[in-house]
Amino acid sequence: MASPSYKDSFVNGIWKENPVFVQVLGMCPALAITNSVENAIAMSCAVMFVLVTSNALVSILRKWVPKEVRIAVFILIIATFVTVTDYAVKAISVPIYKAMGPFIALIVVNCIILSRAEAFSSKNNVLKSILDGLGMGIGFSIALLCMGGVREILGSGSFLGHPLFGANYEPWVIFVLPSGGFFTLGAWLFIFAWWRERGARNKKPEGHQA
Amino acid sequence: MSATAAHTVPHAHKPTSSLYMIVLLGAVSTVCGLIIVVADMVTAETIRNNLAQITREAVGEVLPGSTELVKYVADLEAGTITPLAEVTGGATNLFACFGTDESGQRRFLGCVSKAAGKGYAGTIEALYAYSPDAQTITGFKVLESKETPGLGDKIILDNDFNANFTNLDVALNGDMTALANPIVTVKHGKKTDPWQIDAISGATVSSKAVGALLDASAERMIPLIHQHLEELRKGGA
Amino acid sequence: MSSEPLSVDILTSPHVKRPMSTNAIMRNVAVALAPVALFSIFAFGLSALLLLSVATISCVLTEWAVCRLSGKPNTVGDYSAAVTGLLLGLTLPPSFPLWMVAVGGAISIGLGKALFGGLGYNTFNPALVGRAFLQAAFPVAVTTWTPPFVQGRFLACIPSTLAFPFLKPTPVAEYIAAANIDAFTGATPLNLEGVTRLADPLDLFMGMTSGSTGETCAVLILLCGGYLLVRNMLDWRIPAGVLGSVFALSGVLHLINADTYPGPLFMVFSGGLMLGAIFMATDMVTSPTTALGVWIFSILIGVITVVIRLKGSLPEGVMYAILLANAVTPLIETWTQPRVFGTTKKASSTS
């Protein structure tokens, strides 16, 4: 497999290999921390920071790390940056920290980050790894915003805390509850799968003509 | 892709030596440890201030006018109250609150206690203010709860419900060991006595949970406060 | 249909009998539900009529739309969607806003049935899936009760019924006050306080209480169940197991501590237990087929119902009990498969 170009390193994660909607990784924060747009943004920032920094450090160390202990090293690096994130969020805003509960610490076991370390940054140079981390992080953020947007608009009738429909709107409480997370994720995955399938079906005839 | 080649091919032939792996892991751990230490040094001060600020704001809401808090750890089982500074690993659950009167004199306002109990969904954590002079609960605020949005979470937002706690009677019995009348939650609109909490219509379970957690805490905390009242009034100053 | 106990009829081949069609079964269920629906309209008036109509229509429309979108043959004609809608309507409070009813109908069919592959493939009872969604989505509206037999109920709706879509329903406090019933407390007899201060079982039996649209009159539900039983379209073991286990368990608890636990008659006749045991737990798609499996299934429902009612914070547990039992049905089926004739017991299968 040839090394991807700089542009691909960045762009792939945003759409084509979107970590949530295409790879279906990192479900835990995508389900748990998306009951409001604000939480979704905070979670996206935290994950993006950990992705970029751990990708960078893994890439720097890639030539010295033998494959026997690579997972241990990756986890050590990821856990370090998660701890840093944990402190940083607490320093920035305690209410946000409380809203995110245990899920900052759980970024350690987020498959997106370990999979990028294993599949990308341990094989590519630092710049590409950072671009990859950014692209994946943006892709993750888009997914979380899609989830958080739907859940906050339906579940609280507001967007980023601003009421959208006036005081008389009846909120669909279920979308703020955990079960609403599953419904929303299912609906988004459904839309993406349907759209991709349509795209594939439309492409085929062209291929035959050519 | 030279990097990959350099990385994988040699190891396929001979395994890496244990010593190299130990040294490498040690080195990586050291680097990571350093990063965490630096992060902690940078943020520790801000975090401490943030947490203190949150506590101050919450206590200020329950007991308006309090500018100075003295923290205590009350052990409800053992029946002791110790200043936070003298306990290791204890969590503050009692504040002696002080404000200033017109002449700028430091004045004891009352106590704020932390209480927790099981709600409809998960634990409800709350603060309540107690005035030893009036023997009433004068303020109440839910710190954390997972009650159903739109229904159970009215215990936080409902003004009528919060009005229950502006003057809730918690007078002690004759020998100062327990409340004369336990705090009970009654159905919406059925409140007849000053020690009763008028439930929110449609959120009875959460309202009852609030009553139960207040009663459980007050039954023991308030006699304890009275035993140590002199000490609390001085506030360690 | 239910597995009949082994009979001694000896016939020569061929043994093929014409099976009852889905259409015929569902039509009979609908007929059996009709008196229950009519009583609820009599008790709660125009609002109940609109509620049941909207529930049925929204289910049928969703079924039709799903069939069109997925390019499958239209299955509206088999009455199953209509029955789902009717059942959904009967489990909702009479004051429930119509736009929420329509949401529930769409969820019942779309999420509860179509996503699983249509009738026969759904793991959960579709009507209860819709009801569970509504319970989680609109907890206030789903627990707002109004009294039955209000004056002028056939001329005007309960104010919350006609709430504009996506907007909060009008409060019903005034309506309840205007109904002028002193003893009425704004909750079903099952609501937690009511459990200790018992409602009269006879009132519950005759349907003289508030509650969900179709669950108030126990005697009528029993009669309609009897009709289905006679037509051989109902497995008698399921209601027997559910009601029997609820009666037995709550009876034992009541004997241990009569102050905390209500009597068994109250438990059996209150809330949605009767409706659930006779019309929902017996759904053929989501209940086991073996005789032993059916007993396990129905006793499980009874026990979970009692546990949720007495130990949980929810006022009603029948819905979740049935859904949970639906979830373990495939497992029960596997455990209780009878030995295929001619094979030996398990021991040999491992050798």
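Residue numbers start from 1 in every chain, and the chains themselves are labelled A, B, ... in the order their sequence lines are given, proteins ahead of strands.
- For C:P139 against A:V173, the heavy-atom pair with the smallest separation is CD-CG2, 3.7 Å.
- To the nearest 0.5 Å, atoms CG (C:L111) and CZ (A:F183) are separated by 5.0 Å.
- Here CZ of A:F165 is found 12.5 Å from NZ of C:K168. Values are rounded to the nearest 0.5 Å.
- Both the backbone and the side chain of C:F133 come within less than 4.5 Å of a heavy atom of chain A.
- Distance check: A:I174 CD1 to C:F138 CZ gives 9.0 Å after rounding to the nearest 0.5 Å.
- In this pair, A:Y169 and C:F166 present their aromatic rings parallel. The plane angle is below 30°, not in the 30 to 60° band.
- Within a 6.0 Å sphere centred on CD of A:E38, heavy atoms belonging to other residues, nucleotides or ligands number 12 at most.
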